[in-house]
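In what follows, a structure is listed as structure tokens, so that the remarks can point back to it.
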Amino acid sequence: MDQHYDPSSIETDVQKNWEDTQAFKATEDPSREKFYCLSMFPYPSGKLHMGHVRNYTIGDVISRYQRMQGKNVMQPMGWDAFGLPAENAAIKSGMPPAEWTRSNIEYMKAQLQRLGFAYDWDRELATCDPDYYKWEQWLFARLVDKGLAYRKTATVNWDPVDQTVLANEQVIDGKGWRSGAIVEKRNIEQWFLRITDYAQELLDDLDKLPGWPERVLTQQRNWIGRSEGVTMDFQLENSEEKIGIYTTHPDTLMGVTYVAVAAEHPLSLQAAESNPELVDFIEECKKGGVTEAEMETMEKKGMALGLNVIHPVSGEAVPLYVANFVLMGYGTGAVMAVPGHDQRDWEFAEKYGIERKQVIFSADGSDCSIEKEAYLEKGILSNSGPFDGLDSEAAFNAIADWLKKHGKGDKQINFRLRDWGVSRQRYWGCPIPIITDANGEAKTVSEFPVRLPEDVIVDGSGSPLKKMPEFYDLGNGQVRETDTFDTFFESSWYYARYCCPDAADSMLDDRARYWLPVDQYIGGIEHAILHLLYARFFNKLMRDEGLVENDEPFSKLLTQGMVIAETYYRTNDDGSKEWFNPADVTVEHDDKGTAIRATLQADGQEVSIGGIEKMAKSKNNGVDPQGLIDRYGADTVRLYTMFAAPPEHTLEWSDAGVEGAHRFLKRLWKLSATHLQTGNIAELKKDELTEAQQKLRLKIHATISKVNDDIGRRYTFNTAIAAVMELSNALSQAKDDSDNGRAIMREGLETSILLLSPIVPHITDTLWHEFGHTEPAINAAWPVVDETALVQNELQLIVQVNGKLRAKITVATDADNKQIEETAISDQNVQKFIADKEIRKVIVVPGRLVNIVVS
RNA sequence: GCCGGGGUGGCGGAAUUGGUAGACGCGCCGGAUUCAAAAUCCGGUUUCUUCGGAAGUGCGAGUUCGAUUCUCGCCCUCGGCACCA
């Protein structure tokens with residue numbers, strides 16, 4: 001065999017062999033245990049970035065490991081092909097989005113293949129293909145029929161210069177990204193899906209997902225935001241008009257001293273007609289930031305409307321305010337305010353001199369004063385008329401019952417989650433299959449797909465569809481919808497379509513019921529809420545349509561961390577920063593290895609070392625995977641990304657680390673080549689092993705056991721690799737030319753090769769053949785632990801005195817505690833520390849340590 | 001402001017159930033090889049030290065024979081957030 005490791009030639013050969021033998025084609029086989037491993041599909045933006053490489057390597061390692069465990073593995077790949085970047089590229093280059101997207105797909109597919117991922121490419125799909133999107137049009141039509149999709153007016157960002165709707169990310173500081181014009185809010189008719197109908201189930205079923213990270217579950221729970229409370233009406237004084245409010249603290253109802261409405265509330269707008277000051281205030285509220293962080297920290301402001309409302313229980317009049325912290329979009333746009341028991345209300349009352357009334361008192365007599373801040377604990381009611389003496393919990397029910405009995409309110413469960421607006425006033429997306437007739441009546445189309453015209457010019461002034469009567473004008477006053485779906489629509493069900501990508505007569509078929517749910521889903525944490533929530537919702541919609549049987553689409557979820565890298569910059573005269581790519585910078589270190597100086601290779605002059613940040617165009621710190629693959633081969637790139645950090649952590653890019661990974665592969669190659677030169681190997685005689693040989697075999701089998709746990713259960717690929725590195729270090733140190741010695745070397749090398757094969761599949765497959773195997777490594781059985789190799793006659797224990805390490809002793813495996821104690825105490829160094837002291841206690845932890853406690 | 005992660009050598013990280021802190025890799029130092037360099041190989045590498053040891057996992061307490069691990073308080077940092085009544 002060649003003494004020299006040449007990744008590019010072996011990787012080409014191995015990949016060709018996989019392709020020729022259709023090695024990763026997945027076929028349904030009910031007699032075998034299936035394993036569906038899915039990595040989130042990429043948006044075809046042009047070329048792969050490091051985040052993709054990391055994501056897909058993780059998925060590939062899991063897939064290949066499961067395959068070697070004997071499972072029937074399916075790992076597909078496809079393209080999230082609709083979206084805004086294609087339109088932006090079209091504006092810049094004039095290339096139609098379809099063409100741009102398809103050429104990107106072609107290039108990126110070649111990159112994925114070059115990395116050697118074990119995909120079943122026969123299942124490839126692109127969401128911009130009519131054969132794909134026709135089925136979501138079909139499903140949408142079903143949802144319209146069922147009343148789960150409906151049309152209502154909603155607000156969008158409107159660029160008055162470009163005459164187009166803008167996505168949130170196209171609005172920068174309130175201005176259009178291209179025109180710079182001040183963005184306006186416009187109300188237009190849009191389609192919504194009733195995800196709120198599924199809010200409770202989406203919440204409850206989170207409990208069925210123990211294989212999801214806790215923080216994703218928490219984020220989803222918070223997003224759904226279930227709360228139990230009470231709705232009730234406050235009547236306007238001297239009027240028939242009522243204001244509905246929602247509260248989660250009805251127990252504090254008797255402490256209400258004012259009611260506040262949102263700036264956009266009808267009552268507030270009405271009052272503004274005769275109050276110019278109020279008009280100004282409402283305008284001011286519109287301008288303020290709307291993020292949660294801004295809201296929580298901003299000054300609480302309001303204005304009295306000069307009206308009173310009647311307390312539903314006491315009949316007292318309390319003032320009505322408009323306040324900047326009340327949101328029109330949530331609940332009823334009005335709140336009851338209890339300054340005594342809500343900190344925000346307390347601050348508002350303090351500012352405007354409104355009465356604070358205490359109605360909850362501590363049960364145990366501890367301080368519950370509301371002089372300095374609101375009292376937020378539960379307690380006993382007082383100053384609450386008929387409800388005095390009840391505790392908070394009992395009062396919740398008693399007050400709710402009272403309101404219901406008197407027709408003034410009722411219990412209600414609220415969700416933060418709102419219905420999903422799916423209309424986008426965009427071109428490059430799936431057409432919404434709706435036709436509006438001359439009477440303004442919307443109906444679904446009956447033939448699918450509604451094809452998106454692809455031969456168009458995108459100039460940035462609105463969707464081309466709106467300028468194509470041949471698309472929308474159907475005659476007789478019938479008009480086709482020109483909006484397209486939110487691209488989350490496509491990504492909400494692609495995982496199911498992979499099971500049967502060629503199903504021509506239905507959205508899904510029996511094959512989906514074989515493969516689903518996805519056993520392992522891998523993707524970025526940035527999708528923790530929206531994509532994963534929508535996909536879960538779609539799964540339930542498809543289930544209720546009889547298309548799938550499972551309640552949840554993804555049994556296990558792994559969220560990989562970001563890829564980050566050092567940044568380098570120079571500050572220009574005008575204070576702006578120019579960023580330099582790490583590849584163009586040389587870093588000098590001091591004797592300890594601390595970076596002290598960085599220079600630009602081009603001019604040799606110094607550059608500033610910035611922080612370590614997420615790889616991004618804006619900081620020019622991205623590392624192009626292609627260059628690394630060309631230089632080191634796919635295996636090295638795969639090995640480094642899996643070795644540098646556990647999958648959930650951020651991964652800090654290091655060129656030196658890549659070198660190290662490459663060095664390891666070279667050593668493995670060399671060690672194998674050297675061993676193979678020693679010729680034929682006799683069979684191992686297990687009962688004639690020397691102590692050193694036993695030790696080495698123990699290391700081999702302990703490594704198998706460790707790697708099984710690390711890859712199969714913990715997904716800590718970095719420690720699995722470290723374990724094999726340890727084994728290979730031990731093998732290279734063993735200089736043993738005896739028959740048994742060479743047999744153990746063979747065993748150790750073959751084991752290392754198979755254990756590493758999910759991670760670095762090309763070099764291992766090549767070596768596997770060099771070791772005389774005719775079947776490819778992907779079809780080899782996973783190494784099995786030889787339990788007899790793990791048996792030890794003696795083991796090492798550590799000896800502590802008062803918890804401090806003082807000696808290491810070797811004892812027989814079957815020694816009893818008394819013998820162990822004696823050996824420990826008689827140790828010379830231990831004696832030094834216990835000499836003239838009294839032994840108070842000896843703790844023996846079997847197989848681990850002895851701790852001698854002395855006074 | 002709220003919610004959720006983190007904090008261990010010069011660096012990335014390891015220590016899985018409370019039991020040898022720093023595995024493995026990088027970097028750095030020394031040596032071998034070389035005309036020389038690259039590559040490769042061998043050895044060393046937490047800090048302090050009177051060379052016996054001592055200290056040490058963000059800071060301060062606590063529980064324990066024993067704490068990176070558990071509890072309480074604080075500091076820093078990263079991520080998420082839709083004014084959530």
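Keep in mind it's a predicted model, so treat the numbers as computed, not measured. Reminder, nothing fancy here: chain letters follow the sequence lines and each chain counts from 1.
Summarising the geometry, the separation between CG on A:N324 and P on B:A85 is reported as 17 Å, rounded to the nearest angstrom. Atom CZ of A:R416 and atom C1' of B:G80 are 11 Å apart (whole Å).
Residues passing the salt bridge (charged side-chain N to carboxylate O under 4.0 Å, His left out) test with A:K706 are A:D710, sequence neighbours excluded. Checked against side-chain contact (heavy atoms from CB on, under 4.5 Å), A:Q828 has no partners two or more places apart in sequence or in another chain. The salt bridge (charged side-chain N to carboxylate O under 4.0 Å, His left out) test applied to A:K378 returns A:E393, not counting sequence neighbours. Here A:H527 pairs with A:M40, A:H531 under the side-chain contact (heavy atoms from CB on, under 4.5 Å) rule; sequence neighbours left out. Checked against side-chain contact (heavy atoms from CB on, under 4.5 Å), A:K818 has the following partners two or more places apart in sequence or in another chain: A:D816, A:E822. Every residue meeting the side-chain contact (heavy atoms from CB on, under 4.5 Å) condition with A:E377, not counting sequence neighbours, appears here in chain and number order: A:Y375. Residues meeting the salt bridge (charged side-chain N to carboxylate O under 4.0 Å, His left out) test with A:R663, sequence neighbours left out: none.
Here A:G660 lies in heavy-atom contact (under 4.0 Å) with sugar-phosphate atoms only. At a threshold of 4.0 angstrom between heavy atoms, the contacts of A:T650 are confined to the sugar-phosphate backbone, with no base atom among them. Using a 4.0 Å heavy-atom criterion, one finds that A:V335 contacts the bases of the nucleic acid, with or without backbone contacts as well. Nucleic acid contact for A:D709: base, since at least one base atom lies under 4.0 Å from a heavy atom of the residue. Counting non-hydrogen atoms under 4.0 angstrom, A:R806 reaches the backbone sugars and phosphates but no base.
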Reading RNA chain B 5' to 3', how would its secondary structure be written in dot-bracket notation, given Watson-Crick and G-U pairs with both distances under 3.5 Å, brackets [ ] for crossing pairs and | for partners on other strands? (((((((..(((......[....)))((((((.......))))))(((....)))..(((((..]....))))))))))))....
Give every pair of a protein N or O atom and an N or O atom of nucleotides 55-57 of chain B that lie under 3.5 Å apart, one pair per line with the distance.
none

Got a list of protein N/O to nucleotides 20-23 of chain B N/O distances below 3.5 Å?
| unit_1 | atom_1 | unit_2 | atom_2 | d |
| --- | --- | --- | --- | --- |
| B:U20 | O2 | A:K808 | NZ | 3.3 |
| B:A23 | O2' | A:E726 | OE2 | 2.8 |

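Annotation: side chain to side chain donor-acceptor pair (under 3.5 Å) contacts involving residues 798-809 of chain A, sequence neighbours excluded, are absent.
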In residues 243-250 of chain A, what donor-acceptor pairs under 3.5 Å come from side-chain atoms, sequence neighbours left out?
| unit_1 | atom_1 | unit_2 | atom_2 | d |
| --- | --- | --- | --- | --- |
| A:Y246 | OH | A:S227 | O | 3.1 |
| A:Y246 | OH | A:S227 | OG | 2.8 |
| A:Y246 | OH | A:G229 | N | 3.2 |
| A:T247 | OG1 | A:H249 | N | 2.9 |

